[in-house]
Asks: 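Sharing a structure with you now.
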Amino acid sequence: MNKNDSVRLLELHDIKPTANRIVVVNALMECERPMSLSELEYKILTIDKSGIFRTLTIFKEHHLVHVIEDGGEGVRYELCHSHNHKHDDDVHVHFFCEHCHKTYCFENIKIPQVDLPDGYEMTTVNYVIKGCCPECKK
């Protein structure tokens, strides 16, 4: 992803494209799986942890990232593919490896429909399958 693509993606989500935000978007785009704050901090040496966290918070508010509670180290972040700043329709299954503690996206597996009782309103879904990834099974 080049700088123009990053700027367009930020603007599509009504986020002002600052230098730090462009760096964080690029880092997330380069990742092949959801990343924790500490993994992003290690990957992005030019921005401190609080700056990365503030950026991720803005991204979450504008539906540019998913926040995945994987049952491991806390939460992980990945770019949304819905490209809608008002709501997130990019919901899919995640897999948490209990051995290497990595989280993987299964974008082609949609989260099953859940019928909630009357009076309950869903705002988000976090569907995580836990087990052992192919690399750890070797």
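Computed from a prediction, not measured in an experiment: that's the story for all the values here.
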Asks: Considering all heavy atoms of both residues, which atom of D14 and which atom of H62 are nearest to each other, and what is their separation?
Replies: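 Minimum heavy-atom separation between D14 and H62: O-CE1, 3.3 Å.
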
Asks: Can you name the residues that form a side chain to side chain contact (heavy atoms under 4.5 Å, CB included) with L45, not counting sequence neighbours?
Replies: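 With sequence neighbours excluded, L45 shows a side chain to side chain contact (heavy atoms under 4.5 Å, CB included) to no residue whatsoever.
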
Asks: What are the two closest heavy atoms between R76 and S36, and how far apart are they?
Replies: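 Residues R76 and S36, closest heavy atoms: NH1-N, 3.7 Å.
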
Asks: Could you pull out all residues at least two apart from Q113 that satisfy side-chain hydrogen bond (donor to acceptor under 3.5 Å, both in side chains)?
Replies: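 With neighbours one apart ignored, the set is empty.
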
Asks: Does this structure show an ion pair linking E30 with K43, if we count only N-O contacts that are shorter than 4.0 Å?
Replies: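 The answer is yes: the pair qualifies as a salt bridge.
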
Asks: Taking only residues two or more places apart in sequence, or in another chain, which ones meet V93 in a side chain to side chain contact (heavy atoms under 4.5 Å, CB included)?
Replies: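 Per chain and number, V93 pairs via side chain to side chain contact (heavy atoms under 4.5 Å, CB included) with F106, I109, I111, Y127, I129.
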
Asks: Can you check whether V67 reaches Y77 side chain to side chain, under 4.5 Å on heavy atoms?
Replies: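 Answer yes - side chains close enough.
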
Asks: Nearest heavy-atom pair of I22 and P17: which atoms, and what distance?
Replies: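 Shortest heavy-atom contact: CD1-O, 4.0 Å.
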
Asks: Which residues pass the side-chain hydrogen bond (donor to acceptor under 3.5 Å, both in side chains) test with K49, not counting sequence neighbours?
Replies: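 Here no residue qualifies.
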
Asks: Between K16 and E11, does at least one N-O distance fall below 4.0 Å, as a salt bridge requires?
Replies: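 A salt bridge is absent here (no side-chain N lies under 4.0 Å from a carboxylate O).
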
Asks: Suppose we screen for side chain to side chain contact (heavy atoms under 4.5 Å, CB included). Which residues come up paired with C136, at least two apart in sequence or across chains?
Replies: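 Here the qualifying residues are C97, H99, C100, C132, C133.
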
Asks: With sequence neighbours excluded, what pairs up with N4 under the side chain to side chain contact (heavy atoms under 4.5 Å, CB included) test?
Replies: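 Once residues adjacent in sequence are excluded, the partners of N4 under the side chain to side chain contact (heavy atoms under 4.5 Å, CB included) criterion are N2, R8.
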
Asks: Over all heavy atoms of both residues, which pair between R33 and Y104 is shortest? Give the atoms and the distance, please.
Replies: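 Taking every non-hydrogen atom into account, CD-CE2, 4.3 Å.
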
Asks: Distance alone, cut at 3.5 Å: any donor-acceptor contact between the side chains of T18 and N20?
Replies: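 T18 vs N20: no donor-acceptor pair found between side chains.
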
Asks: I want to know whether H101 and F96 have ring centres closer than 6.0 Å.
Replies: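 That pair passes the under 6.0 Å test.
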
Asks: What pair of heavy atoms forms the shortest contact from K60 to V65, and how long is it?
Replies: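 What the structure gives for the nearest pair is N-CG2, 3.6 Å.
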
Asks: So which atom in V25 and which in L79 form the shortest heavy-atom distance, rounded to 0.1 Å?
Replies: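 Scanning both residues, the minimum pair turns out to be O-CD1, 4.0 Å.
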
